[in-house]
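Residue numbers begin at 1 in each chain, while the letters A, B, ... track the order of the sequences.
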Number of protein chains: 2
Amino acid sequence: MLQQTAPASAPSCAPSSAPAARDWNTQARNREARLERASPLAHGKVVKSADAAALLEAILETGDRVCLEGNNQKQADFLAKVLAGLDPARVNGLHMVQSVLALPEHLDVFESGVASRLDFSFSGPQGARLARLVSGGQIAIGAIHTYLELFSRYFVDLTPRVSLVCAQAADRNGNLYTGPNTEDTPVIVEATAFKRGIVIAQVNELVDTLPRVDIPADWVDFVIASPKPHYIEPLFTRDPAQISDIQVLMAMMAIKGIYAPYEVDRLNHGIGFDTAAIELILPTYAESLGLKGKICRHWALNPHPALIPAIEAGFVQSVHSFGSELGMEAYIRARPDVFFTGPDGSMRSNRAMCQAAGHYACDLFIGSTLQIDLAGNSSTATLGRIAGFGGAPNMGADARGRRHASPTWLKAGREARAGRNTVPRGQKLVVQMVETYREHMQPAFVETLDAFALAESAGMDLPPVMIYGEDVTHILTEEGIANLLLCRTDEEREQAIRGVAGYTPVGLGRDRRAVENLRDRGIILRPEDLGIDKRSATRDLLAARSVKDLVRASGGLYDPPKRFRNW
Amino acid sequence: MLQQTAPASAPSCAPSSAPAARDWNTQARNREARLERASPLAHGKVVKSADAAALLEAILETGDRVCLEGNNQKQADFLAKVLAGLDPARVNGLHMVQSVLALPEHLDVFESGVASRLDFSFSGPQGARLARLVSGGQIAIGAIHTYLELFSRYFVDLTPRVSLVCAQAADRNGNLYTGPNTEDTPVIVEATAFKRGIVIAQVNELVDTLPRVDIPADWVDFVIASPKPHYIEPLFTRDPAQISDIQVLMAMMAIKGIYAPYEVDRLNHGIGFDTAAIELILPTYAESLGLKGKICRHWALNPHPALIPAIEAGFVQSVHSFGSELGMEAYIRARPDVFFTGPDGSMRSNRAMCQAAGHYACDLFIGSTLQIDLAGNSSTATLGRIAGFGGAPNMGADARGRRHASPTWLKAGREARAGRNTVPRGQKLVVQMVETYREHMQPAFVETLDAFALAESAGMDLPPVMIYGEDVTHILTEEGIANLLLCRTDEEREQAIRGVAGYTPVGLGRDRRAVENLRDRGIILRPEDLGIDKRSATRDLLAARSVKDLVRASGGLYDPPKRFRNW
C-alpha cells in the first residue's frame, strides 16, 4: 500500500537460469492414477455401495490425509463403516482430519490400524475412548481445534487428500444436495477438490433432478447411494420439562442484567438447558420488560426447538445456522422469513460461515461449562477424556480483528477500559452461565481446572482451556452476576468470582468485605439488585414447558424425534 | 452439553394458542414479484446488456440492501456503471454493503442519490472522495469492517437483498465460472441466494460449456454478458527495481531475527515493498542460513509475482489465495502442486476462506503501516481520507479462539507470559515493518495517530486503528527489531518503540539508558546483534531485481501487465 521512491536502478545480475526441471504436477498426476485405479468400479461418477470398500482401497494410499465427514449432526456413517473395515495391510497410516468424532467407527479406524494420526475439534461421547487410545499409543493427536480453525487449516497445512463426505442426494452427474444439514460439506469439498484431491460422497438417494444444488458436480468424483440414510443426531433439542426454577431465575438475570442493559441484539447461545431457559422466557419475561424488538433479533444458531415460542412471538428476525435440527424441517419451511432457505424451501446451513458469523457478527456468546477457576478460565475437559470444544473457543473469544461498532460492543469496551489510559476499543460479551453445583454435587468453581492435570497426563502443549478468563466478561450463577469487565485487579476478579460461587468451597473462601464492596460498585449483582423477585422465578414463565408445548407453539409443524415424545 | 436432573414435572399451562396469522413468507413473495417484473427482459436467465438498466429498475426497490461486488481485484464495473446511471427518482436510498470501493461509480451512486448508506471494508483510492461525501452528508457510513467481518454480517444483520456480482463466464443455465479471481463471489452469492434475495451476474462471456463451475446456477437469477471484460487491478505486483538496500536490510532482519528463531512456517505477507523484499531474499539469504524447508512453506497470500523465485527454489509448499494477480495465470497453471487450482488448471481463490486461514491457520502476519504511536498502535488512516483496512485487522490480531499449537505460536506465547502468573497460552506473531521515515520525510513514529483526529472530525465511534498495540508483537525498522512480547510495562514498551524509531522526534525522545538496558535484555535487537553486516545488505541479495528478472525466473510463464514492462 505504501509507495517507495525508486532507488537508482542497479545493473541486473540476478540468476537468469531457467527453472530447474522439477515436477510441479505430482498432485494432479497422482490424482489421475487413483482415478484410473478406481475407474473399473464406477459408472460415470456412480459407484455401487457393494463396491465401496474396493473403491476406497483403489483410491487411498498409505499416509493419506483423509477427511471423513463427521459433523455435529449428520454423519458419513456408511463410508465410516467401510473405512473401518478395510484391511490395514493394504491401507494404513491415514491421517484423519475431521471436525467431530461421533461414531464408534471414527475410532475403530485407529484401533484397526488403518489410521494413526488425528486432527479434530470435538469428540463428545467418544472422548473417554479417545483418551485410552491416545495413552495406548494407537493415536497420535496433532491438535484439538475449534471448528473454523480446523477448516482454515484445510487451506494451509492440513488439506485433505481424500474426503469422504455425506449428502442427502446426488444426481448422476455428481451434483450434491446437502439440504438442511449442509454443515461442513462445502468447506471440506472446496479444500479437497481444488487441491486435486478426491471427493467421495455417500448419499441417501440418487435422483434425476435435485431439489437444489449445494455442491457442484465438478467438485465431486464419486457418489455412492448408501444402503440406508445417513445417521443424524438431534443434538440441539432440549426438553423444556427438564428446566428447573433455578434455571429460570438465571435466565431472568441474563435478560435483565445483561441482555437489556447491553442491548444484546446479535448473539449465539450454547447448547445447554441454561440457555434454552433464556430462549423460552423471551416471549414472557423479556416481553413483559418491553424488550421485544430491542434485543435478540439476529441469531447465529442452529434451529433450536426451544426458540420456537420466541420466533412465534415476533422476537426473532433472522437465524443463520451451523447445521439443522431433526424435526424442525417443516417448521423452517413454513418460516422462510426467519431462516436461510433454498429454492426448495429447506434450510441451507454452513458451519464455516456460521462460525465466522459467531466470531465477527455477534455481540454476545453465552454458554455453560463444567469448571471455572479463580481467574475465570473455564473448561469442560476432565481427566480421562479428550473431548475438544467444538465452536465455543471461536465464539467465546474477543474478536480482536473486529472493527465495526454496536452499542453492546462499545459499552463492554468502555467498561473494560474505564479509568485506564488505553485506546478505546469495543469488546465482545462472553458469558459463562453455571449453577454453582452441577450434577452429583460437583462444584462448578474450582481452585484448579482438571484441564491442567489432563494436559500433563496426555502430554499436551497447553492445558485445554475452553474459554480463557481474559475473554470472559460475565459469570452468571443462581447467586448473581459477576461483571469481570469492571474488575481492575486480579484480586478483584477472584473475589468477584468467589462472590457468585455460592456454597462451593471457592465461594465459602470469599473475603466478605471485598465481596460487599464489589456489590456496592455494581460488579456483583444479586437478583434483588436487579429487581428480580426470586419467588417469581418459576417454570410458569417458560413459554413452553414440554416438548408437546413446543409442538403446539409451532402449530404442529415441529415434529420431534421419538425419544423426545412421551405421548 | 450438560445434563440436568429433571425437576418434578409441573402441570403444563403454557399458552396453547395456534401461531398468530402472521405472514412468514414476505421475502420469498417479494422476490417473486421482482422476478415477475423482470421477466419480460430475460430469456431464461440471460438478459441483454442493453436491458441492464431496465433490469435493475425492475428488480430494485427503494431502501434495498445491495451488494455491488467490489473486490480487491476484479470489479463488477459494468453493473456499477448501470447502477450509477439509474434515475434516483425511481431507485433511491439503497444501502450498499460491499467490501471494496475501487471505482468512481462506487461513489457516484451516492452522489446521484441512488444510494445513501454504506457498509464497507476498504476504499483505497476513493478514500478522499468518500470523506468529502460523508462530511457533505451524502453518505451515512454504517461501519468500516475487515473483510471477513463484513462477510459474516451478510449472514446476520447485513444480508444483501440484491447482489450484483462479477464472473468470468456463465452458461445459459446460469452456472458461473469465476476462475482465478473468485474472490468474494461465493460468500456474497450464498448469503443473498439463500435468503431469497436476487443475484445478478455480469460475465465476460456466455458459453455453452464452462471450464468448471464455481457457483451453481441455482444460486443465480440473471446473467448479463457485459460489453467488455470486467476491470481487474494488479494490486499485488511490486517491481523489484523499486526495492532499496534499506529494505533488503530490514528483510534480512525479519528472516534472521524473527522467521528463523520462531520457525515461521505458515504466514501472510502484506502488500508493500518491505515484504516483497523478504520474499525476494528467501532463495538467497534465507537459503544461505540453511532455512529452506524450515520456514515459509505454507502461505495465505495472493500469487505475488515477487514470490516466484522462492517457489522456484523450492521454498514454498502451498499457497492459498484471496484473489489472483494479473499476469500470473500461466505460471499458476504450470505450478499446480503449489496453488489451489480447478480441473481447468486455473486458480480458485476465495477471500472469505483465505481470511479465515489468515486468522486461524497462520502463525505470522507482517505488514507495513503509515503511523505507529508510543503504545504500538498503528494506522494507515489520515485526515481527510476514510480508507478502511481491508484484511489487515483480521490477520493482524491475536486469534484468541485458536487452540492448536505450533512452535512459533508457543514461543511467542511463552515470551509474552514469562514471569507472569497466568495460564499458558500461545500467541500470533504480528509484525509491523516500517522505515523510520516514509516518503516526503514523514516520520512513521508519532506521539498521536492521525486516526484520533479523524475519528473526531468524522464522528466515528472509535478511532480507526488498523492494528492495536496490544496485538503487535514486533516492530521492525532499519534501526532494529523491538520485541514487544518481552516488555513488561507500558514504559518499557514505549522505550522499546522509541529505541527503533531512529532520528524521528519519537526516536530522539528516547531514554538512552533504558534503551541500552532493553538491548542488553534482547528486547531491542540491532542488525549487529543479529550478526548482520549492514554492508552485505544490498540489492544484490534480491533473487530478482526487476520485473524482467521475475519473468526470467518464471521461465517466461509470468506475463506482467504492460505498466510493469519497460522493455
Side-chain angles (χ1 to χ4, degrees), chain A residues 1-2 4 6-7 9-10 12 14 16 18-19 24 27-28 143 145-146 149 152-153 155-157 194-195 212-213 216 218 241-242 244 266 271-273 298 312 320 335-337 340 348 356-357 360-361 368 377 393-394 397 400-401 403-405 423-424 461-462 539 544-546 549 552 555, chain B residues 1-2 4 6-7 9-10 12 14 16 18-19 24 27-28 143 145-146 149 152-153 155-157 194-195 212-213 216 218 241-242 244 266 271-273 298 312 320 335-337 340 348 356-357 360-361 368 377 393-394 397 400-401 403-405 423-424 461-462 539 544-546 549 552 555:
Chain A
M1 228 163 290
L2 305 178
Q4 303 289 146
S9 188
S12 180
S16 66
W24 297 95
Q27 292 171 1
H145 311 73
T146 181
E149 178 185 353
S152 297
R153 292 188 73 188
F155 294 93
V156 178
D157 60 341
F194 287 99
K195 206 72 184 62
R212 72 177 195 237
V213 174
D218 277 21
Q242 300 201 31
S244 67
R266 307 180 305 170
I271 196 178
F273 286 95
H298 300 286
E312 294 303 308
H320 186 259
R335 300 290 178 269
D337 279 357
F340 281 72
R348 162 97 173 180
Y360 268 134
S368 299
N377 300 299
N394 171 61
R400 295 162 78 97
R403 292 295 180 272
H404 78 280
V423 179
D461 289 310
L462 296 176
R539 285 177 41 79
R545 276 159 238 156
S546 65
D549 282 352
R552 224 178 273 137
Chain B
M1 226 164 290
L2 305 178
Q4 304 288 147
S9 187
S12 179
S16 65
W24 296 96
Q27 291 171 2
H145 312 72
T146 180
E149 178 185 353
S152 296
R153 292 189 73 189
F155 294 94
V156 178
D157 60 341
F194 287 99
K195 205 73 185 59
R212 72 178 194 236
V213 174
D218 278 21
Q242 301 200 31
S244 66
R266 307 178 305 169
I271 197 179
F273 286 95
H298 300 286
E312 294 303 308
H320 186 258
R335 300 291 179 268
D337 279 358
F340 281 73
R348 162 97 173 180
Y360 268 134
S368 297
N377 301 298
N394 171 62
R400 295 162 78 97
R403 292 294 179 271
H404 77 279
V423 179
D461 290 310
L462 296 177
R539 286 177 41 80
R545 275 159 238 157
S546 64
D549 282 352
R552 224 178 273 137

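No side-chain heavy atom of A:K195 sits under 4.5 Å from any side-chain heavy atom of B:H320.
Checking side-chain atoms of A:D337 against main-chain N and O of B:Q27 turns up a donor-acceptor pair under 3.5 Å.
With respect to chain B, the highest number of heavy-atom pairs below 4.5 Å among A:A405, A:S152, A:P216 belongs to A:S152. Chain B forms more heavy-atom pairs under 4.5 Å with one residue of A:P393, A:A28, A:A143 than with any other, namely A:P393. With chain B as the partner, the residue from A:N377, A:D461, A:D157 showing the most heavy-atom pairs under 4.5 Å is A:D157.
The minimum heavy-atom distance between B:F194 and A:R348, with the atom names listed, is CD2-CB, 3.3 Å. Taking each heavy atom of A:D218 and B:R212 in turn, the nearest pair found is OD2-CA, 2.8 Å. Between B:G401 and A:A397, the shortest heavy-atom distance links the atoms N-CB, 3.6 Å.
For the atom pair A:H404 NE2 and B:E149 CD, the distance stands at 5.5 Å (nearest 0.5 Å).
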